[in-house]
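Below, chain A is the first sequence line, B the second, and so on; all start at residue 1.
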There are 2 protein chains.
Amino acid sequence: MERLTTMARRQAASAETSADEAAPPPEKRRRVRIKPEERYREFVSKAVELFAEVGFDAGTRELAQRLDVTQPLLYRYFPSKSDLISAVYKEIYLDRWKPGWSGMIEDESEPLRARLQHFYEDYTETIFTPEWLRIYMFAGLRGVDINARYVVNVETDLLMPMARAVRRELGLDPDAPVRPEEVELFWTLHGGIFYYGVRKVVYGFDCPIGKEQMIANAVAAFLDGAASVMRGFAAEEAAPPIAPSSRRRSPGSRR
Amino acid sequence: MERLTTMARRQAASAETSADEAAPPPEKRRRVRIKPEERYREFVSKAVELFAEVGFDAGTRELAQRLDVTQPLLYRYFPSKSDLISAVYKEIYLDRWKPGWSGMIEDESEPLRARLQHFYEDYTETIFTPEWLRIYMFAGLRGVDINARYVVNVETDLLMPMARAVRRELGLDPDAPVRPEEVELFWTLHGGIFYYGVRKVVYGFDCPIGKEQMIANAVAAFLDGAASVMRGFAAEEAAPPIAPSSRRRSPGSRR
DNA sequence: GTGCTTATTTATCAATCGATAAATGATGCG
DNA sequence: CGCATCATTTATCGATTGATAAATAAGCAC
């Protein structure tokens, strides 16, 4: 009680200003006890919400206020703010990944185009939310390795299955190793769809075309176009190019 | 480093501790006078660099330090930090836009595919830099209108010219108003290419395929695929669909 | 009820932030 | 040279940040 330190000292040193009038009522806090693991989930969940809105510079006090809890309580559950951020990463990029996606893509009981349509409808339902997209971008800008690792998952579990599926469709060898050019080609499809979500959800741009229709058009155009390009890759593979240094030729034969 | 003023003051006020030992040499600042407009450009330029690295929460003190100038000097050139940020926006999204791009796309003295190739090589040379991409993302996450306005420019000056060019190529009416579905289709090409830059420059992902080759493949695949999809659009336009409510049919005929 | 455990709050620190006022000195003009 | 202008620095404020220590009280066991 007696240890008035910095503020009191400053005040006393600067002037009088009799600081103890109009003191707001102390306003006792209602104190509810919740079992730790539930609190933990509560904290992470609200942290996801707050960080998605404001970014990782959002204050711990604001988070505590939204949870109707005092700020130091956070430090009983997370040693530091960066630990809280790690928990947020895990919640979004690990817990929300569905292992069934790669199966959806390669399962041949349905036509390829329909499979891609269904996969992307499901995938975008997961990631086209402010929480997912915004935190993904915030994390990427922070330079954490999360995004680089996530991108590897996308390549191995989504894009390479797609490449194999298209090869089967075209009668090409589905077991040949997927070439980097092919992966890159599927990235343009994936990135194009991804960017639709960014425009709509993050930039708040009004997209007149619905998500399903956009996916349908993108997939249809891609499959048609990718066919000739990938046939070109395969031909190049079968008959190695005459001059290996002239690798800048435009690939694939026109229709 | 420069905050030992406060500390020294506190020390002197609180107790003895003979605060003037080990006192770092006051270290007079070299004071150089530079004409205001040059300073201004210097400030904006370094601010672009700093904000691209750290984000808009980068401190004014750090910026001043990089400029080898004291922090209050910034406030002689910018009334507030947000004014500095506005200047950064202008430098990147207005000053770096080349009005010649739309001409590059529609100029028919070259084949369409080559035009798109050259345009995207030039365009990506402008935007595939940490400064451009990272500040674009930071700004988008902040919710400033900059991005929404930029996106409009992309649509009207880049994507709609592309759509018209493809129509000419296909023998369709180039003067018919560009339909939203078409714009959206070109967004998938644009977004796909854009996302290559994000992966490489922002996420630091190692892309084994060079920029030019990636553009070549994306453009080739897109043009082949977009052809059938856009022919589907045109047919739908000429002969209005029987049941206007069943708009979920997949567009375009398969090859 | 009594008492113990521990979830929660109160009080506070040191650092950093954007911003302002006043002192200083480099530069060009006469 | 002397002098005035103004670009630049010094000093400092008040607010806010992440984090810690100590006091408090909710809820369970008995």
Side-chain angles (χ1 to χ4, degrees), chain A residues 1-11 13-15 17 19-20 23-43 47 50-51 54-65 67-85, chain B residues 1-14 24-43 47 50-51 54-65 67-85:
Chain A
M1 188 66 83
E2 280 311 309
R3 61 158 72 113
L4 7 137
T5 45
T6 307
M7 266 198 42
R9 195 150 32 90
R10 278 219 191 112
Q11 254 180 7
S14 65
T17 64
D20 50 358
E27 189 83 36
K28 274 281 174 64
R29 266 197 157 280
R30 79 154 216 261
R31 189 185 286 217
V32 282
R33 260 170 117 104
I34 295 184
K35 72 174 62 169
E37 60 177 274
E38 187 178 345
R39 260 296 187 233
Y40 184 91
R41 287 199 308 270
E42 219 180 69
F43 282 7
L50 177 63
F51 288 153
V54 188
F56 295 113
D57 296 307
T60 54
R61 280 170 180 80
E62 166 131 21
L63 176 57
Q65 192 178 2
L67 287 156
D68 199 39
V69 158
T70 57
Q71 177 245 4
L73 186 57
L74 293 171
Y75 288 87
R76 166 161 272 255
Y77 292 84
F78 304 94
S80 77
K81 188 180 171 181
S82 79
D83 290 281
L84 173 58
I85 293 177
Chain B
M1 186 71 82
E2 68 277 7
R3 73 187 65 79
L4 18 127
T5 55
T6 308
M7 271 194 39
R9 188 160 35 91
R10 282 228 186 103
Q11 250 177 13
S14 66
E27 189 82 38
K28 273 284 176 60
R29 268 198 157 276
R30 79 156 215 260
R31 189 184 287 214
V32 282
R33 258 170 118 102
I34 295 184
K35 71 175 62 167
E37 59 178 276
E38 187 178 345
R39 258 299 185 230
Y40 184 92
R41 287 198 308 270
E42 218 180 71
F43 282 7
L50 177 63
F51 288 153
V54 187
F56 296 114
D57 295 307
T60 54
R61 280 170 180 82
E62 165 131 23
L63 176 57
Q65 193 178 4
L67 286 155
D68 199 41
V69 161
T70 57
Q71 178 245 4
L73 185 57
L74 293 172
Y75 288 86
R76 166 161 275 256
Y77 293 85
F78 304 94
S80 77
K81 187 180 172 181
S82 79
D83 290 279
L84 172 59
I85 292 177

Considering only side-chain heavy atoms of [X], which listed nucleotide, [options], is closest?
X	options	value
A:R76	C:dA19, D:dT9, C:dA7	C:dA7
B:R61	D:dT9, C:dA26, D:dT12	D:dT12
A:R33	D:dA26, C:dA19, C:dT9	D:dA26
B:Y75	C:dA19, D:dA7, D:dT10	C:dA19

- Of the non-hydrogen atoms in A:G59 and A:L50, which two are nearest, and what is the gap between them?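 The answer is O-CD2, 4.0 Å.
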- Message: On DNA chain D, does the nearest nucleotide to B:P72 precede the nearest nucleotide to A:T60 from the 5' side, or the other way round? Give the residue.
- Response: B:P72
Without decimals, in angstroms, what is the distance between [X] [atom1] and [N] [atom2]?
X	N	atom1	atom2	value
A:L50	D:dG18	CG	P	10 Å
A:I85	D:dT17	CD1	P	14 Å
B:K35	C:dG28	NZ	C1'	13 Å
B:L63	C:dC17	CG	P	12 Å
B:Q71	C:dA21	CD	C1'	13 Å
A:L67	C:dA7	CG	P	16 Å
B:I34	D:dC6	CD1	P	18 Å
B:D57	D:dG18	CG	P	11 Å

- Message: Within the structure provided, determine whether B:F43 and B:L63 are in side-chain contact (heavy-atom separation under 4.5 Å).
- Response: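 The answer is no, as the side chains (C-beta and beyond) never meet within the 4.5 Å cut-off.
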- Would you please test B:F56 and B:F51 for ring-ring contact (aromatic ring centres under 6.0 Å, His included) and show each step? CA-CA 5 Å; B:F56 296 114; B:F51 288 153; 5.3 Å; yes
Base, sugar-phosphate or nothing for [X]? Non-hydrogen atoms, less than 4.0 Å.
X	result
A:R39	sugar-phosphate
A:F78	nothing
A:A64	nothing

- Message: As a quick check of understanding, evaluate side-chain contact (heavy atoms from CB on, under 4.5 Å) for A:Q65 and A:R61, giving each step before the final call.
- Response: CA-CA 6 Å; A:Q65 192 178 2; A:R61 280 170 180 80; over 6 Å; no
- Message: Please enumerate all residues that pass side-chain hydrogen bond (donor to acceptor under 3.5 Å, both in side chains) together with A:E42, with sequence neighbours excluded.
- Response: A:R39
